[in-house]
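Encoded as structure tokens, the structure appears first; notes follow it.
Computed from heavy atoms alone, side chains included, the values below leave out hydrogens, waters and symmetry copies. Ligands are counted one by one from 1 in listed order, and the atoms in each one are counted from 1 as well.
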Amino acid sequence: MSETKKTGQTVQTTGHAWDGDIQEYNNPIPRWWLWSFYATVIFAIVYWIFYPAWPIGHSYTPGVMNTITYTVNGEEKTTHWNTRALLVRDMQTGEAAVKQRKHMQEVANASFSAILSDPKMIDFSSKIGKVLFEDNCAACHGMGGQGVVGLFPNLVDDDWLWGGRTEDIQNTISAGHIGFMPAFDKTFSEQQMDDVTEFVLSLSGQAKDKERVARGKVLFTGEGGGCYYCHNQQGTGIKSVGSANLTDHIWTIADVASQKDIMAKRTRVREVISHGVNRTMPTWKGRLSDEEIKLLTVYVYNLSGGK
Ligand code: HEC
Ligand code: HEC
């Protein structure tokens with residue numbers, strides 16, 4: 001070590017010199033830094049004693065923190081402190097879990113009208129219902145329940161194939177449904193197909209050819225086509241067979257609404273009549289609990305504005 005003069009002060013240097021006169025000061029590490037360093041060392045040692053830390057063979061030091069007790073398959077299990085057991089215990093007996101179970105129990109015991117008149121229960125059902133919907137239903141019906149024309153029905157509008165009362169929706173989700181209509185391509189001649197198509201369009205006021213409509217009506221409402229059997233005489237649909245209402249402007253399979261001219265509309269309707277419909281809404285009973293189906297029912301019911 002040697003000493004060098006720096007603007008009138010004396011400072012220590014390490015004694016090394018480079019290039020003849022470049023020297024390194026020997027300043028001490030700041031006190032605060034040194035003490036923080038000692039503190040971290042002490043913290044580490046205390047941590048090793050209290051928490052699981054050092055590996056030993058196939059095991060490790062468990063630490064002396066309080067033990068955690070939780071239940072596995074109905075049996076109580078006590079282990080040394082660790083975050084995984086802590087999480088399991090929180091999910092079983094934590095404040096949030098207990099609260100959620102309490103809400104779940106309330107919803108399970110309440111009637112739909114009671115749930116729908118209680119903002120707190122609606123709020124709870126919608127929150128949990130949304131997660132359930134995104135996990136189980138959104139793949140087909142879309143994130144917001146908007147559906148895909150031709151494939152999966154829209155759940156946001158207030159038009160229902162199988163009924164829009166809470167009981168109907170609950171039954172749809174629980175038991176599932178098959179939307180079935182036979183193919184008529186072998187039954188009808190070309191002209192009959194044109195006629196019945198025109199009649200279907202007339203039901204929503206979109207037909208152009210009165211004579212076709214008149215002939216089509218005979219097919220639709222009589223034994224020739226037998227459409228009335230599922231769609232009823234007025235074409236308004238029958239909820240118990242999930243047939244579409246053909247008199248409104250909502251189309252779930254034949255994408256008529258987005259066609260501009262009559263030719264394109266006819267093509268869409270004709271396609272459905274010739275190919276028929278066969279699509280399945282899966283059964284959820286057994287895959288979801290009764291409470292979960294109930295929450296989903298409230299969620300779906302509210303998607304359509306509760307109509
Ligand atoms: C594999 C695709 C698929 C999944 C997943 C699915 N659905 Fe469906 N859902 C359908 C189809 C297809 C229909 C139409 C059935 C028909 O044509 O009658 C339908 C119909 C419905 C209807 C009746 C609509 C009406 O107008 O009456 C409701 C309500 C419904 N689904 C709710 C749900 C809920 C809630 C879930 C999640 C638990 C779900 N769906 C999951 C395919 C699916
Ligand atoms: C066995 C019952 C059944 C018979 C018979 C039947 N339908 Fe259907 N029809 C259905 C069902 C179910 C749907 C589809 C509902 C759904 O899943 O969206 C449907 C859908 C339709 C649609 C599409 C509606 C839309 O919203 O896109 C048209 C058009 C239609 N039917 C016309 C006819 C005509 C015309 C006949 C007679 C030639 C007929 N149906 C006979 C059950 C039937």
Side-chain angles (χ1 to χ4, degrees), residues 129-142 145 147-166 168-185 187-188 192-193 195-204 216-232 235 237-257 265-266 268-285 287-288 292-301 303-304:
K130 185 168 194 290
V131 176
L132 287 168
F133 190 87
E134 286 171 1
D135 286 351
N136 299 290
C137 324
C140 289
H141 292 286
V148 182
V149 176
L151 297 175
F152 309 112
N154 177 326
L155 306 177
V156 184
D157 60 18
D158 53 7
D159 191 47
W160 299 92
L161 295 164
W162 298 96
R165 294 175 309 160
T166 43
D168 301 325
I169 297 173
Q170 186 181 34
N171 182 47
T172 297
I173 301 172
S174 179
H177 278 309
I178 294 175
F180 176 77
M181 161 169 153
F184 286 91
D185 52 349
T187 318
F188 290 150
Q192 285 176 316
M193 197 63 98
D195 294 346
V196 84
T197 297
E198 203 70 4
F199 176 70
V200 166
L201 285 171
S202 79
L203 290 170
S204 52
K217 181 173 183 178
V218 177
L219 289 168
F220 192 96
T221 57
E223 298 313 315
C227 316
Y228 77 92
Y229 185 74
C230 295
H231 289 281
N232 83 22
I238 301 174
K239 299 275 188 249
S240 61
V241 295
S243 63
N245 179 350
L246 303 174
T247 65
D248 58 17
H249 286 265
I250 297 175
W251 301 85
T252 76
I253 306 212
D255 189 8
V256 171
K265 288 179 186 176
R266 283 177 180 149
R268 291 287 167 266
V269 172
R270 217 187 141 107
E271 264 167 17
V272 178
I273 302 173
S274 18
H275 299 147
V277 177
N278 193 353
R279 54 181 193 174
T280 306
M281 158 69 186
T283 309
W284 293 91
K285 193 169 181 62
R287 280 200 271 175
L288 295 175
E292 287 171 325
I293 291 178
K294 205 161 176 184
L295 294 174
L296 269 170
T297 302
V298 175
Y299 178 74
V300 170
Y301 182 79
L303 275 182
S304 65

Worksheet item: Are Ile250 and Asp157 side-chain neighbours, meaning at least one heavy-atom pair lies under 4.5 Å?
Response: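 Result yes, sub-4.5 Å side-chain heavy-atom pair found.
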
On a heavy-atom basis, which atom in [X] and which in [Y] lie closest, and how many Å separate them?
X: Leu296; Y: Cys137; result: CD2-SG, 4.2 Å
X: Ser204; Y: Asp248; result: CB-O, 3.6 Å
X: Ala254; Y: Val272; result: CB-CG2, 3.5 Å
X: Ser243; Y: Cys230; result: OG-O, 2.7 Å
X: Met193; Y: Asp185; result: CE-CA, 3.9 Å

Against heavy atoms of [X], which atoms of ligand 2 measure under 4.0 Å?
X: Phe188; answer: 38 (C)
X: Ala254; answer: 25 (C), 27 (O)
X: Val241; answer: 12 (C)
X: Phe180; answer: 1 (C), 2 (C), 10 (C), 11 (C), 12 (C), 42 (C)

Worksheet item: Can you list the residues that meet the side chain to side chain donor-acceptor pair (under 3.5 Å) rule with Arg279, with sequence neighbours excluded?
Response: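 Expected list: Thr252.
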
Item to complete: Can you figure out which of Leu288, Thr280, Leu151 has its heavy atom closest to atom 42 (C) of ligand 1?
Response: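 Result: the heavy atom closest to atom 42 (C) of ligand 1 is in Thr280.
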
Discussion item. Given Ile178, Val256, Thr252, identify the one with the heavy atom nearest to atom 25 (C) of ligand 2.
Written reply: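 Comparing heavy atoms across Ile178, Val256, Thr252, the nearest one to atom 25 (C) of ligand 2 lies in Thr252.
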
Enter the distance from [X]:[atom1] to [Y]:[atom2] here, rounded to the nearest 0.5 Å.
X: Arg165; Y: Tyr301; atom1: CZ; atom2: OH; value: 10.5 Å
X: Trp251; Y: Leu246; atom1: CH2; atom2: CG; value: 6.0 Å
X: Leu288; Y: Lys294; atom1: CG; atom2: NZ; value: 15.0 Å
X: His141; Y: Met281; atom1: NE2; atom2: CE; value: 5.0 Å

Practice prompt. Tell me which protein heavy atom sits closest to atom 17 (O) of ligand 1, plus the residue, atom name and distance to 0.1 Å.
Written response: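 For this ligand atom, the closest protein heavy atom is Arg279 NE, 2.7 Å.
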
Worksheet entry | atom 15 (C) of ligand 2: nearest protein contact (heavy atom, Å) |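 Result: Gly242 O, 3.2 Å.
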
Discussion item. Distance under 4.0 Å to a non-hydrogen atom of Leu296: what atoms of ligand 1 satisfy this?
Written reply: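 Numbered from 1, ligand 1 contributes 38 (C).
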
Worksheet item: Looking at Gly179, which atoms of ligand 1 are within less than 4.0 Å of one of its heavy atoms?
Response: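 Close to Gly179: 16 (C), 17 (O), 18 (O).
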
Worksheet item: Hey, does the side chain of Asn232 reach the backbone of Tyr228 with a donor-acceptor pair shorter than 3.5 angstrom?
Response: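 Answer holds: no.
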
Worksheet item: Lys239 side chain to Trp160 main-chain N or O, any donor-acceptor pair under 3.5 Å?
Response: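 Between the backbone of Trp160 and the side chain of Lys239 there is a qualifying donor-acceptor contact (under 3.5 Å).
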
Worksheet entry | ligand 1-proximal atoms of Trp162, by part, heavy-atom distance under 4.0 Å |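 Both backbone and side chain of Trp162 come within 4.0 Å of ligand 1.
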
Just heavy atoms, cut-off under 4.0 Å: does [X] contact ligand 2 by side chain, backbone, both, or neither?
X: Ile253; value: both
X: Phe199; value: neither
X: Leu161; value: side chain

Practice prompt. Show your reasoning for whether side-chain contact (heavy atoms from CB on, under 4.5 Å) applies to Phe133 and Leu295.
Written response: CA-CA 10 Å; Phe133 190 87; Leu295 294 174; over 6 Å; no

Worksheet item: Backbone or side chain, does any N or O of Asn136 fall under 3.5 Å from an N or O of ligand 1?
Response: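 In fact, backbone or side chain, Asn136 has no N or O that close.
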
Item to complete: Answer yes or no: are there more than 12 heavy-atom neighbours, outside Lys130 itself, under 6.0 Å from its atom NZ?
Response: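 Result for NZ/Lys130: open.
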
Practice prompt. Could you tell me whether Tyr229 and ligand 2 have an N or O pair separated by under 3.5 Å?
Written response: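 No: no nitrogen or oxygen of Tyr229 is under 3.5 Å from one in ligand 2.
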
Worksheet item: If you leave out waters, which protein N, O or S atoms are less than 2.8 Å from atom 8 (Fe) of ligand 2?
Response: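 You should have found Met181 SD, His231 NE2.
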
Please set out all donor-acceptor pairs under 3.5 angstrom arising from side-chain atoms of residues 171-182, sequence neighbours excluded.
from: Thr172; atom 1: OG1; to: Asp168; atom 2: O; distance (Å): 3.0
from: Thr172; atom 1: OG1; to: His177; atom 2: NE2; distance (Å): 3.3

Worksheet item: Per the side chain to side chain contact (heavy atoms under 4.5 Å, CB included) rule, which among Val256, Asp255, Thr197 passes with Lys265?
Response: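 The single option meeting the side chain to side chain contact (heavy atoms under 4.5 Å, CB included) with Lys265 is Val256.
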
Discussion item. Short of 2.8 Å from atom 8 (Fe) of ligand 1, name each protein N/O/S atom, waters not counted.
Written reply: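 Per the 2.8 Å query on atom 8 (Fe) of ligand 1, atoms found are His141 NE2, Met281 SD.
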
